[in-house]
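Keep in mind the model is a prediction, meaning the values are calculated, not measured. Order of appearance sets the numbers: ligands from 1, and atoms from 1 within every ligand.
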Amino acid sequence: MKWVNDITKLLGIDFPIVQAPMFGVTTPEMVANTANINCLGSLALGDLDAEKSVEAIRKTKRLTSKPFAVNFFAHNIPEITDTLKADYVKAKIFVEQLAKQNNLIITIPELDELKINSYDEQVDAIISENCKIVSFTFGNLDKRSIEKLKSSGTVLIGTCTSVAEAMILEKSGIDIICVQGLEAGGHRGSFALEDIPKIGGLSLLAQVSEAIKIPIIYAGGIYNSKTLLASKTLGASGFQIGSLLLGSAESALADFEKKRLRKVNESEIILTKSFSGRFARGIKNTFINATEQTEFILPYPYQNKLTSELRRVAKYNKNADFVNIWVGQSINEFSGQSTAKIIQNLIEQTECDSR
Ligand SMILES: Cc1cc2nc3c(=O)[nH]c(=O)nc-3n(C[C@H](O)[C@H](O)[C@H](O)COP(=O)(O)O)c2cc1C
């Protein structure tokens, strides 16, 4: 297998394998582990403010001198309307009562106490920290941010979940498209439709690769050489792996979460809006079952903020029924080896299978 291609050349790496950005799971150690074996590590900054973003970037830079990507949520923030205010009150009461019934003591902030960050401040922080590879999800960047990042020499990677989204990203000057299949763990990167596209990863990747000219990274269900090679056949030249790294030594998941993950079966892996207000794929639990039956799910990022304290307290109490454990459809052994070792195994297996 010849690894050198358009993606390795653009990103300055030897192998076009991308450690998926996974906010809440990715650590600077995971990113550095990946970068140090000449693959692309991705530092997930989610919706952190500028100060916390800079802190994470600097910590990663202390661990590696190799290139890595920084990733953030390019989301729109819905306006606070009277309806949202009323819904927030109802949703807050629901979550507080559910927590109390399950012996979790939490205090949820009022709507006007929430700190909602937009990605603008992250863009400035990323430029000032001289990061040259940026990936993003949940939307496209606004024109000004694209111009600012590009004029500072940054390579941009946008996420799509449909052919239409891929074309929007390409048209606006994004350099690389990350095609996210429906199989993928975590949040959908969808942004052009009200609902998420239900097209499977194979069909989506094949069609996007016919519709656009810029290089493609595929994300969703890659967990061994066969899945990697299948996506290569369908037009991907970069291979993004998330769920395969969830149990790794550098993952921020707690031991009780890794244990739960290693017992998961296919019927438990679902798409839900209950934790954040956006569809994400993960393990069904008491919180999801209870919340899915109500009308109390707010739009992102409000639902995400609303459940944040519950998730923090549940994690502290090692209670897997009230934390979000995101995972994709490709169940694997969720190895506890280092990120570097897991990726190296994948590279060796692929070289062997493609001989
Ligand atoms: C726990 C978790 C968190 C994630 N967080 C992010 C994120 O912060 N940014 C992002 O672009 N994608 C995020 N994703 C999606 C991944 O980048 C990637 O698309 C997905 O993991 C690929 O599918 P796989 O899990 O089957 O490998 C997350 C996925 C998981 C499993």
Could you tell me whether the side chains of Q19 and T339 share a donor-acceptor contact shorter than 3.5 Å?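 There is no such pair between these side chains.
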Could you list all the ring pair (Phe, Tyr, Trp, His ring centres under 6.0 Å) pairs where at least one residue sits in residues 89-130, not counting sequence neighbours?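 Qualifying pairs: F72-Y119, F94-F296.
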Pairs where residues 162-217 contributes a residue and the test ring pair (Phe, Tyr, Trp, His ring centres under 6.0 Å) is met, not counting sequence neighbours: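 Listed by first then second residue: F138-H187, H187-W326.
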Return each pair, listed once, that meets side-chain hydrogen bond (donor to acceptor under 3.5 Å, both in side chains) where at least one residue sits in residues 297-306; pairs must be two or more places apart or across chains.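 As it turns out, the side-chain hydrogen bond (donor to acceptor under 3.5 Å, both in side chains) pairs with a partner in residues 297-306, which skip direct neighbours, are N304-R311.
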Would you call K263 and E268 a salt bridge, using N to O less than 4.0 angstrom?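 Here K263 does not pair with E268 in a salt bridge, since their nearest N and O are not under 4.0 Å apart.
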Is any side-chain N of the basic residue among K150 and D175 closer than 4.0 Å to the acidic one's carboxylate O?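 Looking at D175 together with K150, the answer is yes, because their closest N to O distance falls below 4.0 Å.
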Can you pull every nitrogen or oxygen pair between ligand 1 and the protein closer than 3.5 angstrom?
from	atom 1	to	atom 2	distance (Å)
ligand 1	5 (N)	P21	O	3.4
ligand 1	5 (N)	F23	N	3.2
ligand 1	8 (O)	F23	N	3.1
ligand 1	9 (N)	N71	OD1	2.9
ligand 1	11 (O)	N71	ND2	3.1
ligand 1	12 (N)	P21	O	3.4
ligand 1	14 (N)	P21	O	3.4
ligand 1	17 (O)	P21	O	3.1
ligand 1	17 (O)	Q240	NE2	3.1
ligand 1	19 (O)	Q180	NE2	3.3
ligand 1	23 (O)	G220	N	3.4
ligand 1	25 (O)	G185	N	3.2
ligand 1	25 (O)	S243	N	3.0
ligand 1	25 (O)	S243	OG	2.6
ligand 1	26 (O)	G221	N	2.8
ligand 1	27 (O)	G242	N	2.9
ligand 1	27 (O)	S243	N	3.3

